[in-house]
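Starting off with a structure, shown below.
Computation of the quantities below employed the complete heavy-atom set of this structure, encompassing side-chain atoms and omitting hydrogens, waters and symmetry-equivalent molecules. Please read these numbers as outputs of a predicted model, since none were measured by experiment.
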Amino acid sequence: MPEQSLPVVDEGASAAAGPAAGQGVSRRALLGTAGATGLVLGAAGGAVGYAAAPAAATPLTSVGSDQAMFHGKHQPGITEGLQARGHLVAFDLAAGAGRKEAAALLRRWSQTAERLMAGEPTGSHDTDVARDAGPSSLTLTFGFGHSFFSRTGLEKQRPVALDPLPDFSSDQLDRARSNGDLWVQIGADDALVAFHALRAVQKDAGGAAKVRWQMNGFNRTPGATAHPMTARNLMGQLDGTRNPKPGEPDFDERIFVPSSATPAWMANGSYAVVRRIRMLLDDWEKLSLTTQEAVIGRRKANGAALSGGTETTPMDLEKTDAKGDLLVPVNAHARITRPDQNGGAAILRRPFSYHDGIDADGTPDAGLLFVCWQADPVRGFVPLQRKLDRGDALSQYIRHESSGLFAVPGGAARGEYVGQALLEG
């Protein structure tokens, strides 16, 4: 998908996050029930904001040696390049499990993540699924859902930013595959390495938590293209063209909670919005190339805006053709999701594609596992999705089928575990 699609493409995610100081826009106003029909798919033109930059292309024989660090200011799996394989899993605490059991679980998960990300086995009971493979850019990321705080008696530590998302008109949500007490994101450039981590996390849960839902996704493998390039989604669109970049001066302000945050345990953390967005591929693939490009507002071949130039050329929203018609249609996904069209709302898109087979009627169950990151969803995802709800051309070709919002604390220092400041504070 194209631009900053809240869940689908990319333009809008890179502007300053939120209204200018002093405008007095309330959280309640921003969260209003107006739905958002678009899904923000992201990249070359999706509402999902801009996806993380693709991992640099490397010879396939070296993919396994790439390693991400578990310990750090921020958790892994947020700013790293897109990985070839991913698993998103939500857990609910078991009946009778509370703060003590949750702390022990996060300690186990953190210890396991540190070993696996270093390319080491989990211990004496390792399954050997990833034997012979290196780290393969493996990352594990952990977050807390709204319900986690009531289950553990920590309601006073629940961030206001974790208030439930408003209803959007495009939502057709399966509640059983939405939300959850705990959330784990797993990504790697090797499918067996990713599955190995998934099994380890599930086994570590023991009697403390049970899987609520699991979703499996994929991206292009690093080294599969002749040179590094923006990834494509299942609609064939470049997805992530205008994602915010870590080197930009306001990147941290847009994506990460400041160190002076309240509650303090969320310092250097971020908020993840997770959505399963089905692409109605049978309908999409019937469109002509010209129509597809008009829906997105970008060229399918190279991601360039319909106003001209290359993939990175700024979009000219006022440029017209010889008949006086706008080159980038007024309802094009890439136009609607631009930050300068949404009060500067910004998100970092880092999705996976998915394909879960064929439905009974013969239609493919395929689309985008949309994951976007922001310092505050009320000033990131919500305004973008609401804007998409009001007239995104892409909305008739996608369907939001599940949703979750999770508070992802900052990274763990050596000798600590993720969420320790919350669970032992």
So the salt bridge (Lys or Arg N to Asp or Glu O under 4.0 Å) pairs with at least one residue in residues 109-126 (sequence neighbours excluded) are Glu114-Arg414
By salt bridge (Lys or Arg N to Asp or Glu O under 4.0 Å), Asp92 pairs with (sequence neighbours left out) Arg212
Of all heavy-atom pairs linking Arg107 and Tyr417, the shortest is NH2-CE2, 3.6 Å
Check: Asp128 side chain, Pro121 main-chain N or O, donor-acceptor pair, under 3.5 Å: no
Salt bridge (Lys or Arg N to Asp or Glu O under 4.0 Å) pairs touching residues 133-148, sequence neighbours excluded, are none
### Query
Do the non-hydrogen side-chain atoms of Val257 and Tyr271 ever get within less than 4.5 Å of each other?
yes
Taking every heavy atom of His87 against every heavy atom of Asn216, the minimum-distance pair comes out as ND1-OD1, 2.8 Å
So ring-ring contact (aromatic ring centres under 6.0 Å, His included) across residues 184-210, not counting sequence neighbours, yields none
Nearest heavy-atom approach of Ala366 to Leu234 is CB-CD1, 3.8 Å
Sequence neighbours excluded, the answer for salt bridge (Lys or Arg N to Asp or Glu O under 4.0 Å) partners of Asp365 is Arg276, Arg278
Between Ala208 and Ala97, the two heavy atoms sitting closest are O-CB, 3.6 Å
In short, salt bridge (Lys or Arg N to Asp or Glu O under 4.0 Å) pairs touching residues 215-226 with sequence neighbours left out are none
Contacts of Arg99 meeting salt bridge (Lys or Arg N to Asp or Glu O under 4.0 Å) (sequence neighbours excluded), chain-then-number -> none
For Ala375 and Phe256 the tightest heavy-atom approach is CB-O, 3.5 Å
Worksheet item: Is the closest side-chain heavy-atom distance between Leu423 and Leu106 below 4.5 Å?
Response: yes
Exercise. So, for Phe381 and Phe168, is the gap between ring centers shorter than 6.0 Å?
Worked result: yes
Residues pairing under ring-ring contact (aromatic ring centres under 6.0 Å, His included) where one sits in residues 104-136, two or more places apart or in two chains, turn out to be Phe91-Trp109, Trp109-Phe142
Those residues at least two apart in sequence (or on a different chain) that pass ring pair (Phe, Tyr, Trp, His ring centres under 6.0 Å) with His146 are none
Can you confirm whether or not the ring centre of Phe149 sits under 6.0 Å from the ring centre of Trp265? yes
Per side chain to side chain donor-acceptor pair (under 3.5 Å), Thr139 is matched among Gln75, Gln83, Glu80, Gln67 by Gln83
Across all chains, not counting sequence neighbours, the salt bridge (Lys or Arg N to Asp or Glu O under 4.0 Å) partners of Asp132 are none
- So with a 6.0 Å cut-off around NZ of Lys203, is the heavy-atom count from everything else above 12? yes
SB check Arg275 Glu401 (cutoff 4.0 Å):
no
Residues Pro135 and Asp66: closest non-hydrogen pair is CB-O, 3.4 Å
Applying ring pair (Phe, Tyr, Trp, His ring centres under 6.0 Å) to Phe218 and not counting sequence neighbours gives none
By side chain to side chain donor-acceptor pair (under 3.5 Å), Arg177 pairs with (sequence neighbours left out) Asp174
